[in-house]
Structure formats: C-alpha cells, structure tokens
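Structure record follows, encoded as structure tokens.
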There are 2 protein chains.
Amino acid sequence: MRPLIHPAVEDITVEGILHALSDPVRVAIFTDIAFKDCTQNCSAFSAILGTPIPKSTLSQHFRILREAGLIRSERIGVEMHNISRCEEVDKRFPGLLNSIAQAHEIQLRQSKPKKSARRSPR
Amino acid sequence: MRPLIHPAVEDITVEGILHALSDPVRVAIFTDIAFKDCTQNCSAFSAILGTPIPKSTLSQHFRILREAGLIRSERIGVEMHNISRCEEVDKRFPGLLNSIAQAHEIQLRQSKPKKSARRSPR
DNA sequence: TCCAATAGTTCATTATTTCTGAACTATTGA
DNA sequence: TCAATAGTTCAGAAATAATGAACTATTGGA
C-alpha cells in the first residue's frame, strides 16, 4: 500500500482546489470534514450522502481532496482519519475557501426550501 | 446553428463555475475577457495563450464558460463578441470570483518571478 | 448576384478521466 | 492464527474532453 500524498502548502494549486470542489460528492465530504473538526472516517459518508456510494469511489474522492491539499488523512488503527487543511489553504489563498463555502450555502438555501414544509395539517 | 445557451443568473451553480475555472486555458480566457471589458473574439486567444489551441477546442472552452454563466457571447457580424457576467455572478455569489482571481494571482506571482529579470546589464 | 474569405460551430473519432466491482492490504481483537 | 473491519488498488466499463474535418453564417468585393 503506497504512502499517501499530501502536497506542501506552497504546492497547493487553485486549479486543484477548484477541480476538487467542483464535484458535489466531494463538496459534501469536505464540508462535513471542515465543519465537524472531529475526524471522519471514510465509510461514515455512505450514510451522510443521500445515495450509497461504492467505497472504491469514495476512496478516489478522498484521494482527490487529499492531493488537492484540502484534507489530511492518517491511518489510525484500522480506519482512516481525515482532517481539513483549511487553515493552511487559507494562509496560501486567503478567503478562497470561505467564499466557496458561502456560495454553496447560498445555492443550498435557494434550491431546498424543504425545512419550511413543516407538517401538512391534514 | 443552434442558439447559444446563457443560464439565468439564478440558475448559475457553484459547481459550474468551479468546474469552468478549474482549467488553466479557460481561466486565461476568462481573466482576459473580465479585465479588458472590451469584448474579445475567439481567435484572439490563440495568440494570447502561449500554445496554439485548435479552434474547435477553443469553441468548447467558450461554450463551457458561457453555460457556466461566466460570459455572454453574441455574434456581431462574422465574429463572436464575449463579455464577462462578473457583476451578475457577483450578485448571486458575492466575493466568489474575486477570491478566485486573487488566488490565481497569488499563484502566478509565486511561480513566475519573470518580471524581475529586468535587463541583464551585459 | 455569386463567390471567396473569415470566424466560429458541429460532428465523429480518439484520448483522457472517472466510476466501480473484485481482489488485495493492513490492523485489530478474539 | 483467523475472522472481521476499513480502506486501497487494479482493470474494465462508462462518461468527458480534445481535435480534425466538414459545415454554417456573415461580409465584402468582382
């Protein structure tokens, strides 16, 4: 099993970040990791994301996030722990991740008025 | 020739924008269009970008930028004029394009200290 | 009016990337 | 030592992207 690749902060690229975050599954994963700063293992996400995603696919998504410099993965025992590298990325590209996160929120708020469908009063 | 697709501002997605701007050629094109607010025709870019890029490929890149909502294309006579939709995008996702542009600048500054090679004093 | 030139699009093929099931590796706990 | 768990890697299938060739639209002459 080859060692995991984590780029040095100065090798993180905008293209890499934008590409990594242009996929909705990866955005969901990354947002989750970034918000809960407790580390998240890989399989937890099959549940978090609506659709069940094969673990080989998840593994690739994590690799892309990792190699873009967005997360740091470490094996702890039998599972993988992932933490965000937001602070490092923010040092290199100030404000970038924040405005992307904000934009995603705006989009979510617009497309899902779900919550307002309280309870149909029969 | 089918009509060009320009999404309404509320249909512009973060994923679309990030995907469009995760390609260096498209970033170069978009930056150029956004900075010069004079409209730029398609072929001009073969010159602007270092490498010569086939026009069919350029056409696709323009389409992706257009359908992501980043530019507006209009046929004027025999050529195509492209203008940025920055202001609209900024209304929908405040600060997003700016921080991406800033990040790209930071990256450029780091990797190309070219300009400082003023003139070799023989 | 018709034709050549210009600018770009569309189509079809090839190349590249992404997805995914199956097999594999690493670690733990019994 | 073995079964269970968590994830990776590989190889083939599916989806995207790049590009040459043929096409469309417009203009500016002959």
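So that the names make sense, note that chain A is the first sequence line, chain B the second, and so on, each numbered from 1. The model shown is predicted, which means the values in this text are computed figures rather than measured ones.
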Residues passing the side-chain contact (heavy atoms from CB on, under 4.5 Å) test with I5(A), sequence neighbours excluded, are E67(A)
side-chain contact (heavy atoms from CB on, under 4.5 Å) filter on P24(A), not counting sequence neighbours, yields E15(B)
Can I get a per-line list of side-chain donor-acceptor pairs under 3.5 Å for residues 49-60 of chain B, giving both atom names and the distance, sequence neighbours left out?
| unit_1 | atom_1 | unit_2 | atom_2 | d |
| --- | --- | --- | --- | --- |
| Q60(B) | OE1 | R63(B) | NE | 3.0 |
| Q60(B) | OE1 | R63(B) | NH2 | 2.8 |

Can you tell me the distance, in whole Å, between the [atom1] atom of [X] and the [atom2] atom of [N]?
| X | N | atom1 | atom2 | answer |
| --- | --- | --- | --- | --- |
| I64(A) | dT16(C) | CD1 | P | 18 Å |
| L4(B) | dA7(C) | CG | P | 18 Å |
| F62(B) | dG8(C) | CZ | P | 8 Å |
| L65(A) | dT18(C) | CG | P | 13 Å |
| L58(A) | dT9(D) | CG | C1' | 15 Å |
| E67(A) | dT17(C) | CD | C1' | 14 Å |
| M80(A) | dT9(D) | CE | C1' | 13 Å |
| I53(A) | dA6(D) | CD1 | C1' | 17 Å |

Enumerate donor-acceptor pairs with a distance under 3.5 Å from any side-chain N or O in residues 95-103 of chain B to protein atoms, sequence neighbours excluded.
| unit_1 | atom_1 | unit_2 | atom_2 | d |
| --- | --- | --- | --- | --- |
| S99(B) | OG | S99(A) | OG | 2.5 |
| S99(B) | OG | G95(B) | O | 3.2 |
| S99(B) | OG | L96(B) | O | 3.1 |

Which side-chain hydrogen bond (donor to acceptor under 3.5 Å, both in side chains) pairs, counting each pair once, include a residue from residues 17-27 of chain B, with sequence neighbours left out? R26(B)-H61(B)
How long is the gap from CZ on R66(A) to CZ on R85(A), to the nearest 0.5 Å? 11.0 Å
Once side chain to side chain donor-acceptor pair (under 3.5 Å) is applied, do any residues pair with T31(A), and if so which ones, sequence neighbours excluded? none
Short heteroatom pairs, N/O only, protein and nucleotides 11-13 of chain C, under 3.5 Å:
| unit_1 | atom_1 | unit_2 | atom_2 | d |
| --- | --- | --- | --- | --- |
| dC11(C) | OP1 | R2(B) | NH2 | 3.3 |
| dC11(C) | OP2 | R2(B) | NH2 | 3.3 |

The residue among L70(A), V27(A), I17(A), N82(A) that forms side chain to side chain contact (heavy atoms under 4.5 Å, CB included) with L65(A) is L70(A)
Once base and sugar-phosphate atoms are separated, protein heavy atoms under 4.0 Å mark nucleotides 22-30 of chain D, 5' to 3', with B, S and - as --BBBS---
If you link ILVMFWY side chains whenever their heavy atoms are less than 4.5 Å apart, which other residues fall into the same cluster as L4(B)? By chain and number, please. M80(B)
Restricting to salt bridge (Lys or Arg N to Asp or Glu O under 4.0 Å), what partner residues turn up for E79(B), sequence neighbours left out? none
Please name all residues satisfying salt bridge (Lys or Arg N to Asp or Glu O under 4.0 Å) with E10(B), sequence neighbours left out, ordered by chain then number. none
Sorted by number, the residues of residues 14-26 of chain B with heavy-atom contact under 4.0 Å to DNA chain D: H19(B)
